[in-house]
Amino acid sequence: MLTLFDNQNFDEAIPHLELLVTKQTSTLGHLHMDTLTSLNKLATCYKESEDYAKAIVAYEDLVGKQAKTLGELHQVTLSSKCELATCLDLNKQGSKAISIFEELVEARSSLLGHHHGDTYLARYRYACCLVDENLEKAFSLLQELVTEQKSVLGQMHKNTLYSMHSLAFCLDKKKDFNKAISIYQDVIAKKEIVFGRTHKETLKSMINLAYSFISIKNFDTAISAFKDMIEIQSSALGEVHKKTLSSRCSLAYTYRQKGDFDEAISIYKDVVEKQKTVFGITNEVTISSIIRLANVFGEKGEIKIAISILENLIEKTTSSQPEILTAIHNLAVYWNEKKNYGKAAVLFEEAAEKQSIVLGPMNESTLKSNLGLITCLVEKGEYSKAIPMFRNLIKKQTESLGTVHEQTLGSLNNLAVIYGQLGMYKESLEIHQEVFKKRRTTLGPNHEETLLSMFNFAELLRFNGEYEKSLEIFKELIEKQSFVFGKWHHKTIKSEVQLKIAQTGNACSIM
């Protein structure tokens, strides 16, 4: 068993360690150091096997017992708290993780000093935890950390490389892809020397680099990178190892983004068959790959096949796990695309109800399914039901996602469109103006969504008889569209047509 753990065969070590912890608790007591050592190894195995829910339970138990035997500020206790916070973050419990990391950074800085290795680790993981909550703060903390670590630890120290990797990830999130690529390439070159080419840390940076290339539409370079990784993983881990299959899914995704749907489908089909054999059809990894396979068929325009795949999946897996609820949501989307709004509405409602229970009523996926249901009601002309549901959804999105989140603004925009369809131009104008101003601030004046809101705002001004204002905005819009899309793009031409209509004082719409 110890050999399994020492050789990092974490999945195989788990049942042996579970049995050992039970025996030691019975014979030695739950606070004995040997029991706590085994519990720590078990928690580590859960974490490395990516079973974060079990890891959290184990680390919480461990921290509580270590605090009693060693003290709350003992370095061993603090190390376990650091792992607990990391697992909470990986399990999408960011707010809890941030709170623990803030305490850890303060405690370690006070006890060990600002530049101690353990303090650096807490500061690093704290910054990583902030990426989704406060990207600018995370970026600033990582910049500071990288500068310090290069000076104190050296450019080739593993902790410096971890921080550099995360700094590149922040640049990715900030859409500064070229800078991210430059740092990733530097990190990979250094990691190959420090860890080796086949080490998981090196591969981690290689994966992120490949996705950065996808972001700048350099698909061939990304494909080459993923193929290299798959070759390394197949040799080191085996062709059916979950990490090898995960990289193959990433390769399929790249082909999908490139528009080579047939190649993507071929890879996904093979991966799904292997995952069914190794993990079973009810495993979340297998389900996710089946959903991706259906999505490629959907993007290819073969909606019937996408529907068949998802219906077959849902029929064989009756659980309410989040991945199956995604499948139900996606199935609803495809029926909606086929204009079977009745069937789509039933599925969206089922997905929303179950997601509300499993994920919570304010979860992003739950809100998306509610939006899908409302969209179906609009298509069916059931405005009296749709409008109050839209208002309630926007309230939830504002509370959960924020006032300037794109989903919140998208729902506001859709509500404004409904008001326009019902001839409620004043209400529609107010919302379109709000959405336009917020998108201009958050996305930038030349973003495609901002320009769409600008078009809608100009249109509604015309409907309200405010022709001079409408003309002014249409002229500015055409100038921006000509720069962003080109003078002969259909969106630019559409705005020019509407400008001419506005110049005649005509309130007819071609929306």
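Residues: numbered from 1 along the sequence shown. Note that this is a predicted model, so its numbers are computed, not measured.
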Kindly indicate, with the supporting measurements, whether the criterion side-chain contact (heavy atoms from CB on, under 4.5 Å) is fulfilled by L310 and I291. CA-CA 7 Å; L310 292 175; I291 291 170; 4.3 Å; yes
Passes side-chain contact (heavy atoms from CB on, under 4.5 Å), D132 versus K173? Steps please. CA-CA 9 Å; D132 289 329; K173 297 275 281 186; 3.2 Å; yes
Before you tell me yes or no, could you show the steps for T86 and Y59 under side-chain hydrogen bond (donor to acceptor under 3.5 Å, both in side chains), namely the whole-Å CA-CA distance, both residues' side-chain angles and the distance that decides it to 0.1 Å? CA-CA 10 Å; T86 301; Y59 277 123; over 6 Å; no
Kindly determine whether K174 and L135 satisfy side-chain contact (heavy atoms from CB on, under 4.5 Å), including the steps that lead there. CA-CA 8 Å; K174 286 162 70 72; L135 179 58; 3.6 Å; yes
Check step by step if side-chain hydrogen bond (donor to acceptor under 3.5 Å, both in side chains) holds for S365 and Q355. CA-CA 7 Å; S365 296; Q355 285 167 333; 4.8 Å; no
Go through the steps to decide whether K491 and K494 satisfy the test side-chain contact (heavy atoms from CB on, under 4.5 Å), and finish with yes or no. CA-CA 5 Å; K491 290 181 180 179; K494 183 177 181 181; 5.6 Å; no
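Under the 3.5 Å distance criterion, the side-chain polar atoms of T398 are matched with a main-chain donor or acceptor of I394. The closest donor-acceptor contact from the side chain of T366 to the backbone of P361 lies at 3.5 Å or more, if one exists at all. Between the S288 side chain and the E284 main chain, a donor and an acceptor come within less than 3.5 Å of each other. Listed for the S182 side chain is no donor-acceptor partner under 3.5 Å among the backbone atoms of N178. Of the possible polar contacts, one joining the T286 side chain to the G280 backbone as a donor-acceptor pair under 3.5 Å is found.
With respect to K258 and E263, no salt bridge is recorded, no charged nitrogen being found less than 4.0 Å from a carboxylate O. A salt bridge links R248 to D270: one of the charged nitrogens lies within less than 4.0 Å of a carboxylate oxygen. Salt bridge status for K469 with E472: absent, with no side-chain N to carboxylate O gap under 4.0 Å. Ion pairing of K396 with E399 is absent here, as no side-chain N (NZ or NE/NH1/NH2) approaches a carboxylate O to less than 4.0 Å. Between R292 and E299 there is no salt bridge, since none of the side-chain N atoms of the basic residue sits less than 4.0 Å from a carboxylate O of the acidic one.
Rounding to the nearest 0.5 angstrom, the gap separating the NZ atom in K92 from the CG atom in L359 is 9.0 Å. Rounding to the nearest 0.5 Å gives a distance of 5.0 Å between CD of E496 and CD1 of I478. How far CG of N446 is from CD of Q481: 10.5 Å, rounded to the nearest 0.5 Å. Summarising the geometry, atom CD1 belonging to I230 is positioned 8.5 Å from atom OG1 belonging to T244; distances are rounded to the nearest 0.5 Å. How far CD1 of I223 is from CG of D228: 12.0 Å, rounded to the nearest 0.5 Å. Between the CG atom in L209 and the CZ atom in F226 there is a gap of 9.0 Å [rounded to 0.5 Å].
Of the N and O atoms on the side chains of Y120 and S163, not one donor lies less than 3.5 Å from an acceptor on the other residue. For the residue pair N208/Y184, the side-chain donor-acceptor check at 3.5 Å is satisfied.
Looking at Y162 and E201, their side chains come closer than 4.5 Å, going by heavy atoms from C-beta outward. Considering only heavy atoms from C-beta on, I181 comes within 4.5 Å of I216 through its side chain. Residues I98 and F101 form no side-chain contact, since every pair of their non-hydrogen atoms from C-beta on lies 4.5 Å or further apart. In this structure, the side chains of V285 and K242 stay at 4.5 Å or more apart for every pair of heavy atoms. Taking 4.5 Å as the limit, some side-chain heavy atom of E144 sits within range of a side-chain heavy atom of R123. The side-chain heavy atoms of Y253 and I214, taken from C-beta on, include a pair separated by under 4.5 Å. D172 has its side chain out of reach of Y211: every pair of non-hydrogen atoms, C-beta onward, lies at least 4.5 Å apart. I290 has its side chain out of reach of N312: every pair of non-hydrogen atoms, C-beta onward, lies at least 4.5 Å apart.
The two residues C87 and Y52 make their nearest non-hydrogen contact at O-CB, 4.1 Å. A351 and S369 get closest at one heavy-atom pair: CB-OG, 3.7 Å. Looking at every heavy atom in both residues, D186 comes nearest to M164 through OD2-CE, 3.3 Å. Contact between G486 and T492 at its shortest, heavy atoms only, is O-OG1, 2.9 Å. Looking at every heavy atom in both residues, A386 comes nearest to I374 through O-CG2, 3.9 Å. Minimum heavy-atom separation, Q143 to L167: CG-CD1, 3.7 Å.
Among residue pairs with one or both ends in residues 330-379, those qualifying as ring-ring contact (aromatic ring centres under 6.0 Å, His included) are H329-F348; sequence neighbours excluded.
Annotation for E430: atom CD counts as buried by contact number, over 12 foreign heavy atoms lying within 6.0 Å. At most 12 non-hydrogen atoms from other residues, nucleotides or ligands lie less than 6.0 angstrom from CD of E479. The number of heavy-atom neighbours closer than 6.0 Å to NZ of K276, taken from other residues, nucleotides and ligands shown, is above 12. By the 6.0 Å contact criterion, NZ on K368 is open, its count of non-hydrogen atoms from other residues, nucleotides or ligands being 12 or less. Residue-environment remark: NZ (K480) exceeds the threshold of 12 foreign heavy atoms within 6.0 Å. Around NZ of K269, the count of heavy atoms belonging to other residues, nucleotides or ligands within 6.0 Å does not exceed 12.
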Show me the donor-acceptor pairs, under 3.5 Å and distance only, between side chains in residues 402-409 and residues at least two apart or in other chains.
{"residue": "H405", "atom": "ND1", "partner": "Q407", "partner atom": "N", "Å": "3.0"}
{"residue": "E406", "atom": "OE2", "partner": "R439", "partner atom": "NE", "Å": "3.1"}
{"residue": "E406", "atom": "OE2", "partner": "R439", "partner atom": "NH2", "Å": "2.5"}
{"residue": "Q407", "atom": "NE2", "partner": "E364", "partner atom": "OE2", "Å": "2.6"}
{"residue": "T408", "atom": "OG1", "partner": "G402", "partner atom": "O", "Å": "2.9"}

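Ring geometry for F474 against F455 counts as perpendicular: the plane angle is over 60°, on a 0 to 90° scale with 30° as the lower cut.
For F169 and F139, the gap between ring centers reaches or exceeds 6.0 Å.
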